**Q** 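Below is one structure. I have some questions about it.
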Amino acid sequence: MAQTNGKNGSGNGFKVLGTRPIRHDGIDKVTGHANYGADLSLPGMLHAKFLRSPHAHARILSVDTSKAEAMPGVKAVVTGDDFPPPPTGIAESGETPADYSDLARNVMAQDKALYHGHAIAAVAATTVRQAEEAVKRIIVEYDVLPPVLDVRDAMRDGAPVLHESMRTKGLADAPDRPTNVASYSVYELGDVDAGFAAADVVIEREHTVNTVHQGYIEPHAAVVRSSEDGQVTIWASSQGHFMIRELSAQLLHLDISQIKVIPAEIGGGFGGKTTVYLEPVGILLSRKADRPVKLVMTREEVFRGSGPAPASYIRCKLGATRDGRLTAGYAYMAYEAGAFPGSAVGAGMMGIFAPYDLPNLRIEGYDVCVNKPKSAAYRAPGAPNASFSAETILEEIAEKLRVDSLDIRLRNAAVEGVVNATGVAWPRIGLQETLEAAREHSHYSAPLGPNQGRGVAAGWWMNAGGLSSATLQINEDGTASVAEGSPDIGGTRAVMAMIVSEELGIPVDKVRPLVADTESVAYTGVTGGSRVAYATGWAVTNACRDAIRQMRECAARVWEVDAERVEWSDGKAILSGDGKELTLKEIVAEAHATGGMITSASSINAPGAAAAFGTHVADVEVDPETGRVLVTRYTVCQDAGKALHPSYVEGQMQGGAAQGIGWAINEEYVFDADGVMENAGFLDYRMPVALDLPMIDTVIVEVPNPRHPYGVRGVGEVPIVPPIAAIANAIYAAAGVRMTACPMSPPRVLAALKKQARSPQAAAG
Amino acid sequence: MAKIHVETTINGDPTEFLCEAQQSLSEVLREELHLFGTKEGCTTGDCGACTVVMDGRIVCSCLVLAAEAQRKSIHTIEGVADGETLHPLQEAFLENAALQCGICTPGFIVAAKNLLERNPNPSEQEIRYWLAGNLCRCTGYDKIIRAVQQAAAAIG
């Protein structure tokens, strides 16, 4: 790698990184000029509407679209029969791997409807209303089957089976008959029986977590134009336009080069926009109609037809010695994948005991299909469910042993060298530092009012690296443009510009960052796994350092010296031992004489992603009359490795905590016995509003990731992990009831309070 | 059915459009007038992304029929800045990093501007109450509330 200004890691010698410039896309977003998925209108554009299954589980006997096709304004109708046979194999471009056949059948049902809201057909018409009317004229004959809606019910013998061909993967003695259990896996370390035998205290509890939605404010949206020559252009809001291109091409047997995806601004994703729902259908509709087609989900469709986070049942056991040292852990974890395999149980298994040095453990995980929408990634997928169990049981142990909540965590905190559940020793991690930051924060010792209590919890996320690309151009006036492939959900464009500014030594407002379309920059994986600032940022760093190498060579040509004698510092080439300087602008002005303009590209598979941890402190007030839980104070301490733009790091911490609070207290899918979601709207699916939350205090801890040029770890996912447990622990401190089911909504908390009043010893919710 | 002819004022400009009886104001603003700054997150009046001001009151434009705009004065996010000069709220949202994805931002700014016109010095609780009809899923509201407080102080 070229000589640079010597910033290779953990130091604080940054000029730009760590500052808080105004984001480059900001003005467009505060003036209403930024274009999101649905903010596009093309000449001759049609509008699409979907027919969705009214049954949670049914065999599709026939679909008759003839009446719909005859309706005024209707230009195209598509059903499952219009899709070619899906390719075999596994799609890797989403956040979690998925079988192509499952993906195809999720985009549009083929032989069976597997959840209420499963897409059956779609219509493109001149107006939205014509499309809506036409959808109603499609006649579908169903053989309605009983649904199974709970993970434990789905695992029982005799349960309705979603997929006749399914056999449990990973289970040595799996019977050869249909099952809903898609896979079984296990992690084991040490000797669990001996570990529990050595414990003075053993606590075992069962916890359930209900289905929740990512709740992004922008519904899924795309505009698709299929041209006569077979080329397809897609404008879509997603967490990965390369993912849309790859999945659409595979499902429709197109070449990758036939599809161009132009990323719209994305109105929130949180993992929920890491797969396709609309785009392949849009291609088929546009091809049939020979017109551009706009597809926008309603909010109701988002709830019923797009991926929620998995519900789960977890039975967890922890043992500790009298002095508060953990000796063993066991967890049985069953997660709902939804209609097709692929819940986040794997990450839940990695996460359940991740914060602790637990030498003896056994973790069993089950991925189970139920008649609900196929689950999708949601911010630290699987980890919040797991944390609810481990962090509340640990609190019970602390109480029994009369050890302070943070002390017991510090006593057992995983540190560098400790072997985790996957059998790998942790590299340098910052859990301990976040626990200490929480203990030192004024919040932890602040007085509490009546009916108030304080809870803490720690949380982990692995963070991801992966494929990222960037292209840098130094413009003829000395400004720069950087194109990269990661949709910007929360300020990462500004981060890319800051990296260019830092490396090249030009002001941050002289750098134009661009989230480029699939033809203008090389492949980049989805915006997920807290990987953008880390991996795409690294690609930008590499591109900058290559540009610096070129500029040193240019300067060497001007000075007629060997390039090795040219150093780069603060945006200037300097001839060592001579003191001659050429600024970046002067070098570019010499382009005619020095071999042309400066441009560079970098494409990496970022290695060395490092786990991050956080510790949350929550105060709640429990209303003894109604069971309502109000969060009165909240503090997030988290290791970011290095916070490149601290405002947006804080924003991730606050936003993740707010989502976790909503999950803990209010949010859940409510299904009737037939599997119909009864609260498919923001009125009844109650996400936190401004009035529900306090200010959310943040402490950014920086324990640099030694394997990244600036020490970055990734920040987006960790903050949603601890809130459920922190709030459950706070409720116990406030009201003396241990909640074991999430959400801890007023009816549940009130029931627990009443049970406690009758039988104070055995209170549990 | 024949379309309805509507004469209205949008951001101070006299505007005419034709709409169907059942079309919402948000749909017409977006799909007919191409004022895409007004966002649609739910079309049931629960998220506030489509907030506009109609004759001085904030409304969810998804719950207002387009035909109701007849002889009304409508203000949308596109009319908040004065040419290239941002409104203090817009400045404060940028300085406080009060947006992440930004889809809810137009609705918040339109609603908050209306609040500050009525109450130039609102308390934190008053801001939270006024903005309780606007959902943000990214920020946890902290930086939004601080931005409104800063803008209130700047306007004086």
Side-chain angles (χ1 to χ4, degrees), chain A residues 20 22-23 25-36 38-41 127-129 214-219 265-270 296 298-300 488-491 645 647-648 650-659 661 681-683 687-696 698, chain B residues 20 22-23 27 30-31 34-47 49 76-78 80-81 86-87 89-91 93-107 109-110 124-125 127-146:
Chain A
R20 301 171 186 245
I22 301 291
R23 61 194 283 170
D25 52 328
I27 290 178
D28 270 359
K29 285 179 176 164
V30 299
T31 55
H33 294 119
N35 287 317
Y36 293 79
D39 301 344
L40 178 68
S41 186
T127 70
V128 173
R129 238 125 345 247
Q214 295 83 351
Y216 33 81
I217 306 300
E218 180 203 30
E265 296 297 338
I266 170 170
F270 315 107
V296 183
T298 63
R299 177 55 51 185
E300 189 180 331
D488 176 1
I489 303 195
H645 192 311
S647 295
Y648 289 100
E650 292 161 3
Q652 290 293 320
M653 291 159 69
Q654 292 165 331
Q659 285 187 313
I661 292 168
F682 281 146
L683 185 63
M687 308 199 308
V689 302
L691 203 53
D692 296 327
L693 295 173
M695 291 297 190
I696 297 171
T698 54
Chain B
E20 295 171 33
Q22 68 271 53
Q23 273 187 300
E27 186 183 341
R30 292 173 50 79
E31 299 293 340
H34 293 171
L35 291 169
F36 285 115
T38 297
K39 306 301 179 190
E40 285 185 340
C42 67
T43 64
T44 51
D46 298 315
C47 79
T76 71
I77 185 66
E78 285 89 351
V80 171
L86 295 181
H87 187 274
L89 270 164
Q90 293 170 315
E91 296 276 8
F93 267 65
L94 293 177
E95 285 168 17
N96 287 274
L99 60 148
Q100 286 175 33
C101 82
I103 192 90
C104 70
T105 308
I109 287 176
V110 169
E124 180 190 334
Q125 192 69 0
I127 297 170
R128 288 187 181 276
Y129 185 82
W130 188 265
L131 297 178
N134 291 76
L135 287 174
C136 171
R137 191 60 158 172
C138 294
T139 64
Y141 303 102
D142 183 301
K143 292 183 190 298
I144 292 176
I145 306 301
R146 289 180 202 278

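Below, chain A is the first sequence line, B the second, and so on; all start at residue 1. As a basis for the values below, the full set of heavy atoms in this structure was taken, side chains included, without hydrogen atoms, waters or symmetry mates. Keep in mind that what you see is a predicted model, and the values were worked out from it rather than measured.
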**Q** Which answer fits B:Phe36, side chain, backbone, both or neither, if we ask what part of it has an atom under 4.5 Å from a heavy atom of chain A?
**A**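 The answer is both parts of B:Phe36.
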**Q** Nearest 0.5 Å, what's the CD-CG distance between A:Glu265 and A:Asn35?
**A** 8.0 Å
**Q** Which one of A:Asp692, A:Asp488, A:Ile27 has the most heavy-atom pairs closer than 4.5 Å to chain B?
**A** A:Ile27
**Q** What part of B:Ile109 is in contact with chain A, defined as an atom under 4.5 angstrom from a non-hydrogen atom: side chain, backbone, both or neither?
**A**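 For B:Ile109, the contact with chain A is made by the side chain alone.
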**Q** Of the backbone (N, CA, C, O) and the side chain (C-beta and beyond), which part of A:Leu40 lies under 4.5 Å from a heavy atom of chain B, both, or neither?
**A**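 For A:Leu40, the contact with chain B is made by the backbone alone.
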**Q** At a 4.5 Å cut-off on heavy atoms, which part of A:Ser647 comes close to chain B: side chain, backbone, both, or neither?
**A**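 The answer is both parts of A:Ser647.
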**Q** Sequence neighbours left out, what passes side chain to side chain contact (heavy atoms under 4.5 Å, CB included) with A:Gln652? Give chain and number order.
**A** A:Arg379, A:Val715, B:Gln100
**Q** Looking only at atom types and distance, does a side-chain atom of A:Gln214 sit under 3.5 Å from a main-chain N or O of A:Phe270, one as donor and one as acceptor?
**A**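 Looks like no, no N/O pair under 3.5 Å.
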**Q** Below 4.5 Å, heavy-atom pairs only: which of A:Gly268, A:Ala657, A:Ser41, A:Ala658 has the largest tally toward chain B?
**A** A:Ser41
**Q** Of all of A:Gly681, A:Ala38, A:Gly491, A:Gly656, which one pairs up most often with chain B through heavy atoms under 4.5 Å apart?
**A** A:Ala38
**Q** Given that the side chain runs from C-beta out, which part of B:Glu20 has a heavy atom under 4.5 Å from chain A: side chain, backbone, both or neither?
**A**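 It is the side chain, since no backbone atom gets that close.
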**Q** Pick one of side chain, backbone, both or neither for B:Thr44, based on which atoms fall under 4.5 Å of a heavy atom in chain A.
**A**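 For B:Thr44, there is no contact with chain A at all, as no heavy atom is under 4.5 Å.
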**Q** Measure A:Ile266 against the heavy atoms of chain B and call it side chain, backbone, both or neither at under 4.5 Å.
**A**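 For A:Ile266, backbone heavy atoms alone lie under 4.5 Å from chain B.
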**Q** With chain A as the partner, which of B:Ile145, B:Thr105, B:Leu135 has the greatest number of non-hydrogen pairs under 4.5 Å?
**A**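 Most pairs with chain A among the choices: B:Leu135.
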**Q** As an exercise, state the distance from OH of A:Tyr36 to CD1 of A:Ile217, rounded to the nearest 0.5 Å.
**A** 11.5 Å
**Q** Contact part of A:Glu300 toward chain B, heavy-atom cut-off under 4.5 Å: side chain, backbone, both or neither?
**A**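 Neither part.
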**Q** Is a side-chain donor-acceptor pair under 3.5 Å present for B:Glu78 with B:Thr76?
**A** yes
**Q** Need one label for B:Leu94: side chain, backbone, both or neither, based on atoms under 4.5 Å from any heavy atom in chain A.
**A** both
**Q** Using the rule given for side chain to side chain contact (heavy atoms under 4.5 Å, CB included), can you reason through A:Lys29 versus A:Arg23, listing the C-alpha separation, both sets of side-chain angles and the distance that settles it, and then say yes or no?
**A** CA-CA 10 Å; A:Lys29 285 179 176 164; A:Arg23 61 194 283 170; 3.6 Å; yes
**Q** Please rank B:Gly37, B:Gly41, B:Gly102, B:Gly140 by heavy-atom pairs under 4.5 Å with chain A and give me the top one.
**A**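 Looking at each option in turn, the highest pair count goes to B:Gly41.
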**Q** Using a 3.5 Å distance criterion without hydrogens, assess whether the side chain of B:Arg137 forms a donor-acceptor pair with backbone atoms of B:Cys104.
**A**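 Judged by distance alone, no pair lies under 3.5 Å.
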**Q** Can you check side chain to side chain contact (heavy atoms under 4.5 Å, CB included) on B:Gln90 and B:Ile77, steps first, answer last?
**A** CA-CA 10 Å; B:Gln90 293 170 315; B:Ile77 185 66; 4.3 Å; yes
**Q** Passes side chain to side chain contact (heavy atoms under 4.5 Å, CB included), B:Thr139 versus B:Leu99? Steps please.
**A** CA-CA 7 Å; B:Thr139 64; B:Leu99 60 148; 5.7 Å; no
**Q** Go through A:Gln654, A:Glu650, A:Arg299 and name the one with the most non-hydrogen pairs under 4.5 angstrom from chain B.
**A**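 Highest number of pairs under 4.5 Å: A:Gln654.
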